[in-house]
Amino acid sequence: MEWEERMCIVSGSYQSMDTKPPRTTVELWCRSQAGHSAVLLVNGLRPYFDIALPGEPRPNEIVNLDDVLDIPEVVDIDSPEVKWTTNGEKRHWRVYANQPYSVRKLRKKLGDWVVTSADIPFQNRLMLDLDLGPHISVKGDVIWASERAPEGAKNSTTTDVKLAESAIKKIGGAGIYPVDMIVSCELDGLTRSEPFQTPFVTFSFDLETSIATNRILCAAAVIDRAGDRSEHRFRGEEREIMEGLTSLVREADPDFITGYNIDNFDLPRMDERAEVICPRPKYNRAPLFGWGRVPMNEGDSKRIFPTRQQNRVWRIPGRIPMDAWWQARQTLRPQRESLRYVSQLLWPNNQEMQKMDVDASKMDEEWAARPDVVMEYCVRDTHLPLDILGHLKAIARKEALASVSLTAVETAANGTTSQWIDSLVMRLADKDGIAVPMTNAGPRKRDQIAGGYVHEVEPGMEPWVVVLDFKSMYPSIMITNNICSTTLVRDGGDQDPSHSVSPTTGTRYKSKDEMNGLVPRLLEDLMAKRDLYKKGMADAQASNDPVEAFLLDQLQYAVKILMNSFYGVFASSFYRFTHPDLGASITEWARYNIKAIISQVEEGGNDVIYSDTDSIFVKSPVHEGAPTNKPKDAEGAVVWEKTREETLEFGETLAQMFTKEGAELEFETALSAFFSHGAKKRYVGRVVWPREEMLIRGYEVRRTDSFDLLSETMTEMFEMLLDGDTEGAVNMTKMAVDEVREENVDPSRLVISRSCKGKWDSKKNEWDFKSVYANPDGLPYVRAAKQRIEAGLQFTPGMKVGYIITEPDVGEKKLGVSAWLVDEIGGKPPEYDREYYAKRLAKSLGRITEAFGVDEKELLKGARPKGQSSIFDF
DNA sequence: GCCTCGGAAGTC
DNA sequence: CTGGGACTTCCGAGGC
């Protein structure tokens, strides 16, 4: 049954058939634009890599390849093609291997040869060679169609399972995959298509487990099928619960698997319990935890189970695990990370979502006393991860990133920056005849690269300031100076005057005419693409097409993310197309450019008050006596508006003056007032253009290890300072000191939170902090983590742990620490150490007030003389 | 009580 | 298997 449809590649793998000749079938798990799931079994691609003679080019040497051909895993060798290498242009022979898994072995057997293009996963090879992105048009034959398959695909497709199975195995598939349809394709049946938004299916689940025995007490799952949700509850014998979850996964066939903290809790627990219930043989655990998108009866049991390499992300063949905790942490940077806290942060007005009616630290008792309540609590906690992913647009963003980097969605979601960049760089390298070296496996240590330039900042207030910054600074530098491993003039290279020479170390790069670098070309492309997407978004908004506008916004954002990843990969020591000089050159030029602009601005008679890497803050030359806050009277308002206009004009002028080809300086914001206490990376400003808001950088307000009272007081202080009310700011702060001293502060506003590492010691069956920290008990957050664990709550390495500082025990020098568990199990909050918090407030805020002569000690005195009670106390 | 140092976390 | 550097703050320990 011939079939044609647009699909999105979720992930890929391959199957080997050791026939004669050997065959390899690529499996692509897809979701179609119409919402069906499919496995494409693609035939026709053979595994290969390239080999060349070591050292300098020897174009005339006669090469005997018999030894290579004699290796049993080698199937064939092509006639040579000339490819560019760092040693010059050399002949490369394409060697075909019997199977992809032989390539590693062959690399070793080919000791003296230089082996290239030899560490590329076979499914990626397919995407590279056919120039596919995640969104493809598919033409093929439907071999198997399940109930949910589109009607058209079911016609004249066999319903005989045995018949279908043998047909699938014949073309290299593993059997009946748990998908809507199985499609057989040839290479010419796949072409790249325009990006679209795929109606993915997501499975969210949550386990409630016994603290005493680790046994699973109950579980819940919610399936989200393009917005339609269905709930599923599981209770009873542990085995039944796990079987229920597993058959639901296989029946609903989701692309994404989510939940809150599934990476570190639910998935490992499923794994562990499956082993307890069914120690051996491992394959018998498939009905319990066989979540892989592969046939249940698949002979090799490896693929059917979710797996995790040491401390890495989980892999579930054909599906994408996506932990809502991790997504929330990365995009929101919440001060605390419990599900309760995060949902409160996102939906402060929705009481239903935050209702906490179960004490998770006493799960066994709760389960015994009121299982129905626990069950509903569990169900709610499977909805929330879906709500969180939806709110963060996490899935749409991964899909957009996949579309821009031309990878499967799984690579965008769970891969590394180097994999995204590989996908683009290798396509271009293959097209241009550039050999693709292996990823560097060598030592990681290397001399550090000097970073960006940070300008000294004077303490105090500065009225009317414009902020300008370079648009995509590092990518622009790479483009303008043609920085690339293919253009780098290596030792002993000639000194052509056309070369681009880095300002301090004198690293040379070939001119664009001589060789247009791979990476600069890619970046140029991406920049143009981003502008196009941005324009398309504006057009879509204008023509009232929010769906298209959303897609284009995701795409332009993905391009930004991708472009910014380039520098990091090229400054690293492991990437295949890198050299230590590349990263150093980029920052060198950056420092040179920004310093040059600073001195030119200053020569022009204007003051540069601050600068960090790609931005400069310049004092606006407004007229004498210009107001720094918006006057209330009409006359004052006119003056204010005039000052603002002057400043905007100044910003525009500067931007134009210093923008040149390949280095666009953008006028970013105008401030009516700027304040810093004199430390780099710490400042606050009142933005008057393009929006009106307060801009705070670096200060405690922005830090997740601050506490609410400090953040709030500091924000209020900044508001007053920027209004010019220094006296009011000091008084307000002193009052805050009084309040904390008199114990009038809600302890939830004093929670300090820091992330804590740790290792699970499976021998001792306990958490180990000693191997991670030299003196774990000296660190408050480790002590808090221990209390948390003691209380029966979850702990996962790297999680943020909240705590309150309490008065130290008698004779104890160390700070008293009490873990903050109120979010999770309720109960009475601990009593805080009043002097500690008063001191910390005074210290942090005193650093700021010191800029106008009021120090920490002064703040610590408070507003009222000691002994006098609060105004609320009669 | 003051100072310095190292370890650690966080931000830009 | 794997982005980087500069800079700031906080805490605890140890010396005087």
Side-chain angles (χ1 to χ4, degrees), chain A residues 119 121 308-313 315 329 333 335 414-422 438-457 469 473-474 561-578 580 582-588 590-591 610-615 676-683 695-707 710 752-757 769 772-784 798-801 803 805 808 812-815 817 836 839-840 843-844 846-848:
Chain A
D119 57 355
R308 172 161 66 167
Q309 274 128 356
Q310 206 60 49
N311 261 343
R312 301 270 314 129
V313 287
R315 304 261 171 217
R329 182 191 168 118
R333 297 168 165 277
Q335 202 227 5
N414 290 335
T416 59
T417 50
S418 57
Q419 291 172 314
W420 311 337
I421 288 170
D422 254 357
M438 306 265 293
T439 288
N440 294 330
R444 292 232 213 149
K445 276 277 173 224
R446 205 187 50 191
D447 287 345
Q448 284 191 336
I449 302 172
Y453 169 73
V454 191
H455 199 64
E456 287 291 339
V457 52
D469 57 19
M473 189 190 221
Y474 286 178
I561 301 277
L562 189 61
M563 280 203 297
N564 289 336
S565 312
F566 271 80
Y567 164 72
V569 171
F570 286 90
S572 75
S573 58
F574 62 83
Y575 190 58
R576 54 177 97 240
F577 279 109
T578 196
L582 301 184
S585 300
I586 296 165
T587 55
E588 214 174 290
R591 290 191 299 274
Y610 184 56
S611 162
D612 185 348
T613 312
D614 62 353
S615 66
S676 171
H677 72 280
K680 292 172 173 180
K681 296 184 186 284
R682 304 209 154 198
Y683 59 87
L695 175 75
I696 304 174
R697 287 288 131 91
Y699 280 113
E700 279 82 345
V701 175
R702 304 269 304 200
R703 296 178 62 96
T704 59
D705 60 349
S706 171
F707 49 98
L710 174 56
I752 301 169
S753 169
R754 303 196 85 169
S755 56
C756 180
K757 294 188 262 194
F769 299 98
V772 192
Y773 296 109
N775 178 18
D777 288 321
L779 300 166
Y781 44 91
V782 176
R783 289 159 63 199
M799 81 184 285
K800 285 194 191 299
V801 182
Y803 57 93
I805 299 299
E812 179 63 75
K813 272 183 160 175
K814 279 190 250 179
L815 296 170
V817 171
Y836 169 83
K839 260 199 197 121
R840 242 194 100 172
K843 193 171 181 184
S844 295
R847 265 195 294 272
I848 297 162

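Throughout, a chain's letter reflects where its sequence line sits, starting with A, and its residues are numbered from 1.
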- Query: Given C/dC10, C/dG12, C/dT9, which nucleotide is nearest the side-chain atoms of A/Arg682?
  - Reply: C/dT9

- Task: Compare side-chain N and O positions of A/Lys757 against OP1 and OP2 of B/dA9 and report whether any pair is under 4.0 Å apart.
- Result: yes

- Note on the structure: Separation of C/dT9 atom C1' from A/Arg697 atom CZ, nearest Å, is 18 Å

- Message: What is the separation between atom OH on A/Tyr683 and atom C1' on B/dC12, rounded to the nearest whole Å?
- Response: 8 Å

- Message: Given 3.5 Å as the limit, does a donor-acceptor pair link the side chain of A/Thr613 with the main chain of A/Gly452, or not?
- Response: no

- Query: How would you list, by chain and number, every residue that makes a salt bridge (Lys or Arg N to Asp or Glu O under 4.0 Å) with A/Lys839, sequence neighbours excluded?
  - Reply: none

- Message: Below the 4.0 Å mark, does C/dT9 have OP1 or OP2 next to a side-chain nitrogen or oxygen of A/Arg840?
- Response: no

- Message: Once you apply a heavy-atom cut-off of 4.0 Å, does A/Arg333 come out as touching a base, just sugar-phosphate, or nothing?
- Response: sugar-phosphate

- Item | side-chain N/O A/Arg754 vs B/dG10 OP1/OP2, d < 4.0 Å | no

- Query: Side-chain N or O of A/Arg702 less than 4.0 angstrom from OP1 or OP2 on C/dT8?
  - Reply: no

- Task: Using the test side chain to side chain contact (heavy atoms under 4.5 Å, CB included), find all partners of A/Pro780 that sit at least two apart in sequence or belong to another chain.
- Result: A/Tyr803, A/Val817

- Message: Side-chain N or O of A/Ser755 versus OP1/OP2 of B/dG10: is the shortest distance under 4.0 Å?
- Response: yes

- Are the side chain of A/Asp119 and the backbone N or O of A/Thr439 linked by a donor-acceptor pair below 3.5 Å? yes

- Message: I need the OH-P distance between A/Tyr699 and B/dG10, as an integer number of Å.
- Response: 20 Å

- Within less than 4.0 Å of OP1 or OP2 of B/dG10, is there a side-chain N or O belonging to A/Lys681? no

- Message: Between A/Asn564 and A/Tyr474, is the side chain to side chain contact (heavy atoms under 4.5 Å, CB included) condition met? List the steps.
- Response: CA-CA 8 Å; A/Asn564 289 336; A/Tyr474 286 178; over 6 Å; no

- Task: Please work out if A/Thr704 contacts a base, only the sugar-phosphate, or nothing of the nucleic acid, heavy-atom cut-off 4.0 Å.
- Result: sugar-phosphate

- Task: Taking all non-hydrogen atoms of both residues into account, name the closest pair between A/Ala679 and A/Val457 and its distance.
- Result: O-CG1, 3.4 Å

- Message: Mind checking if A/Ser565 touches a base, just sugar-phosphate, or nothing, with heavy atoms under 4.0 Å?
- Response: nothing

- Atom-to-atom span, CD of A/Gln419 to P of C/dG3 - whole angstrom: 9 Å

- Item | Heavy-atom closest contact (A/Arg783 atom, A/Asp777 atom, distance) | CD-O, 3.0 Å

- Query: Just how far, in rounded Å, is P of C/dT8 from CD of A/Glu700?
  - Reply: 13 Å

- Message: Counting runs of three or more consecutive pairs, Watson-Crick or G-U wobble, with each distance below 3.5 Å, where are the stems of DNA chain C?
- Response: B:1-12 with C:5-16

- Query: Base, sugar-phosphate alone, or nothing: which one does A/Thr613 contact when heavy atoms must sit under 4.0 Å apart?
  - Reply: nothing

- Is a side-chain N or O of A/Ser706 found less than 3.5 angstrom from the main chain of A/Arg702, in a donor-acceptor match? no

- Message: By the definition side-chain contact (heavy atoms from CB on, under 4.5 Å), identify the one residue from A/Ile586, A/Asp614, A/Thr587 that meets it with A/Met473.
- Response: A/Asp614

- A/Ser706 side chain near B/dG10 phosphate (N/O to OP1/OP2, under 4.0 Å): no

- Note on the structure: Correct closest heavy-atom pair for A/Val569 and A/Thr417 would be CG2-OG1, 3.6 Å

- Message: Given B/dA8, C/dT8, C/dT2, identify the nucleotide with an atom nearest to the side chain of A/Arg703.
- Response: C/dT8

- Item | N-O pairing of A/Arg576 and A/Asp422 below 4.0 Å | yes

- Does a nitrogen or oxygen in the side chain of A/Lys680 sit under 4.0 Å from OP1 or OP2 of C/dT8? no

- Task: Would you indicate what A/Ile421 reaches in the nucleic acid, counting non-hydrogen atoms under 4.0 angstrom: base, sugar-phosphate, or nothing?
- Result: nothing

- Query: Would you call A/Glu700-A/Arg840 a salt bridge at under 4.0 Å N-O?
  - Reply: no

- Task: Identify whether any heavy atom of A/Phe566 sits under 4.0 Å from a base atom; if not, whether one sits that close to sugar-phosphate; answer base, sugar-phosphate or nothing.
- Result: nothing

- Task: Looking only at side-chain atoms of A/Asp612, point me to the closest of B/dC12, C/dG3, C/dA6.
- Result: B/dC12

Between the protein and nucleotides 2-6 of chain B, are there any N/O to N/O pairs under 3.5 Å, and if so, what are the atom names and distances?
none

- Within this structure, what is the OH-to-C1' distance between A/Tyr567 and B/dC12, rounded to whole angstrom? 13 Å

- May I have the distance from A/Leu710 (atom CG) to C/dC10 (atom P), rounded to whole angstrom? 9 Å

- Message: Nearest 0.5 angstrom please: A/Asp705 CG to A/Gln335 CD, how far?
- Response: 8.5 Å

- Message: OP1 or OP2 of C/dT9 versus the side-chain N and O atoms of A/His677: is any pair under 4.0 Å?
- Response: yes

- Note on the structure: The side chain to side chain donor-acceptor pair (under 3.5 Å) partners of A/Tyr773 (sequence neighbours excluded) come to none

N/O-N/O pairs, protein side and nucleotides 13-15 of chain C side, under 3.5 Å:
unit_1 : atom_1 : unit_2   : atom_2 : d
C/dA13 : OP1    : A/Asn775 : ND2    : 3.4

- Nearest-angstrom distance from the residue atom CD1 of A/Ile805 to C1' of C/dG12: 12 Å

